[in-house]
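Worksheet: the structure to be examined is printed underneath.
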Amino acid sequence: MSSDSLPPLPQNRIVLGCGQVAVDFLATVASFPNPDDKIRSTSLKVQGGGNAGNASTCAARLGLNPRLISKVSNDSHGKGILEELEADGVDTSFFIVSEKGNSSFTYVIVDSQTKTRTCIHTPGYPPLIPEELSQSSLLSALDGVNMVYFDGRHHETALVVAKEAARKNIPILVEAEREREGLDDLLDFATYAICSAKFPQAWTEAPSFSSALISMLLRLPKLKFVIVTLGEEGCIMLERSVNGGSDAEEMDVQCLLESLKLIKDDSKTIPTCISSVETKLSADGIGTITGKLFVGTAEKIPPSELVDTTGAGDAFIGAVLYALCAGMPPEKMLPFAAQVAATGCRAPRLVSFL
């Protein structure tokens, strides 16, 4: 994306992330191997990764000033992670560096044929624990912050940060990629949530995707909106009404979702967004929420331009952080985030260390 296409920089650009950083070993292969196969990669890239690391890097490249709380070991991987993040403008002064153990790393198999990636992750050791983050460091990390983002890792430390952020009335964005230990407690503090396609139903046990969104907002009264990312299918967002909308018409959420999908323009290659009016959205056996439903499309990338989807979801989150800080409405935020995610799919990230 060119700098001319970016929205104006927000006045307060400081965001704080807390979560995972890693080294990614991305091996591109002609096609995914069968069991017991021996194949050669067509290319190998070694670069920084991890959800929080990627999202923070994206936010920094867009113009925000991200800080990051995480942990690495004093090994070659850990040093490379810190150097790459700092080079991109991420403040790593709140990292914990262990003299022993290993930093996180992930083997990523990128299939050129299907344009998919398979990840094999090795967690860092020893893990980050709350006692390693002093109260003074925590307060310094939160000083002047516009938004706090959690990727669900380091849950005990994340919960300490979330409680202090909530006490200071700082908005909190939680990524819910899959069910993790401690994620329920973290979601209780969430102002915003961004989920993977399977998470809402898995977490709520609701009978359908759309009713699961209603269930999430009912279970999490502090939540202003939930976004579900759907890859090349775009995203769905349910936003809670601020004023209650007592005069709004009641409609089944699944029917409304299907009606919005029918009127979206699939011929457009650039990301778009359509939304409902403020409505009382109901789901049988779940309940009712007054709000708006949004359907966002993904950018259509020609197969010849699609290189690698690794980190696309993290880029989407980094762009949402930017959009929230800039006060962008959902109708602009969702296409913007989709465009940022698509940009990362068109070209591999630069190798910063080997």
Side-chain angles (χ1 to χ4, degrees), residues 17-58 68 70-73 75-78 80-81 84-85 101-125 127-128 149-155 174-181 183 194-199 202 228-233 298 301 306-318 341-354:
C18 179
Q20 178 179 266
V21 296
V23 175
D24 285 351
F25 297 86
L26 293 99
T28 302
V29 296
S31 61
F32 195 84
N34 293 314
D36 211 30
D37 272 357
K38 292 184 178 180
I39 62 173
R40 290 189 177 185
S41 62
T42 57
S43 70
L44 174 67
K45 297 176 179 65
V46 185
Q47 59 197 21
N51 294 34
N54 287 340
S56 298
T57 296
C58 175
L68 190 53
S70 191
K71 185 174 183 177
V72 294
S73 291
D75 53 14
S76 59
H77 292 339
I81 290 169
E84 183 172 6
L85 288 170
N102 65 276
S103 300
S104 299
F105 61 92
T106 305
Y107 296 120
V108 184
I109 303 173
V110 181
D111 186 340
S112 296
Q113 189 175 55
T114 61
K115 307 297 182 181
T116 58
R117 81 284 188 275
T118 302
C119 303
I120 306 169
H121 179 65
T122 299
Y125 184 84
L128 177 64
Y149 153 65
F150 300 96
D151 67 4
R153 270 72 163 207
H154 306 308
H155 65 277
V174 175
E175 176 184 0
E177 186 178 37
R178 60 182 177 83
E179 295 185 80
R180 303 181 188 278
E181 185 179 2
L183 182 59
I194 299 181
C195 309
S196 64
K198 295 179 180 180
F199 179 83
V228 182
T229 57
L230 304 171
E232 63 182 14
E233 296 299 318
I301 305 175
L306 180 60
V307 177
D308 180 15
T309 60
T310 305
D314 302 328
F316 185 95
I317 290 175
T343 300
C345 295
R346 278 188 159 88
R349 290 170 289 174
L350 295 177
V351 181
S352 296
F353 58 95
L354 294 173

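Values below: every heavy atom of this structure, side chains too, minus hydrogens, waters and symmetry copies. If you read the sequence from its start, that first residue is 1, and numbering goes on from there.
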> What is the minimum heavy-atom distance between Ser73 and Tyr125, and which atoms define it?
Replying inline: OG-O, 3.4 Å
>> Within the 4.5 Å heavy-atom criterion, are Asp111 and Thr118 side-chain neighbours or not?
In response: no
> Mind checking whether Phe25 and His77 have parallel, tilted or perpendicular rings, split at 30° and 60°?
Replying inline: perpendicular
> Are any side-chain N or O atoms of Thr28 and backbone N or O atoms of Thr42, one a donor and one an acceptor, separated by less than 3.5 Å?
Replying inline: no
> Under 3.5 Å, side chain of Ser103 to main-chain N/O of Gly124, donor-acceptor pair present?
Replying inline: no
>> Checking the side chain of Lys71 only, and the main-chain atoms of Pro127 only, is there a donor and an acceptor separated by less than 3.5 Å?
In response: yes
> Checking side-chain contact (heavy atoms from CB on, under 4.5 Å) for the pair Phe105/Asp75: CA distance, chi angles, key distance, verdict?
Replying inline: CA-CA 12 Å; Phe105 61 92; Asp75 53 14; over 6 Å; no
> Any idea which heavy atoms bring Asp314 and Glu175 closest together, and the distance?
Replying inline: OD1-OE2, 4.2 Å
> What do the steps show when you test Asp151 against Asn51 for side-chain hydrogen bond (donor to acceptor under 3.5 Å, both in side chains), and what is the final call?
Replying inline: CA-CA 6 Å; Asp151 67 4; Asn51 294 34; 5.1 Å; no
>> Any side-chain to backbone donor/acceptor pair from Gln20 onto Arg153? Under 3.5 Å, distance only.
In response: no
> Any idea which heavy atoms bring Ala341 and Ala315 closest together, and the distance?
Replying inline: CA-CB, 4.0 Å
> Under 3.5 Å, is there a donor-acceptor pair between the side chain of Thr229 and the main chain of Cys195?
Replying inline: yes
> Between Thr106 and Ala22, what is the shortest heavy-atom contact and its length?
Replying inline: OG1-CB, 4.4 Å
> What are the two closest heavy atoms between Ala55 and Ile317, and how far apart are they?
Replying inline: CB-CG2, 4.2 Å
>> For Glu177, is there any backbone N or O sitting under 3.5 Å from a side-chain donor or acceptor partner on Ser196?
In response: yes
> What are the two closest non-hydrogen atoms of Gly49 and Asn54, and how far apart are they?
Replying inline: CA-OD1, 3.4 Å
> Any donor-acceptor pair under 3.5 Å linking the side chain of Thr122 with the backbone of Ser104?
Replying inline: no
>> Tell me if a side-chain donor or acceptor on Asn102 pairs with a main-chain N or O of Pro123 at a distance below 3.5 Å.
In response: yes
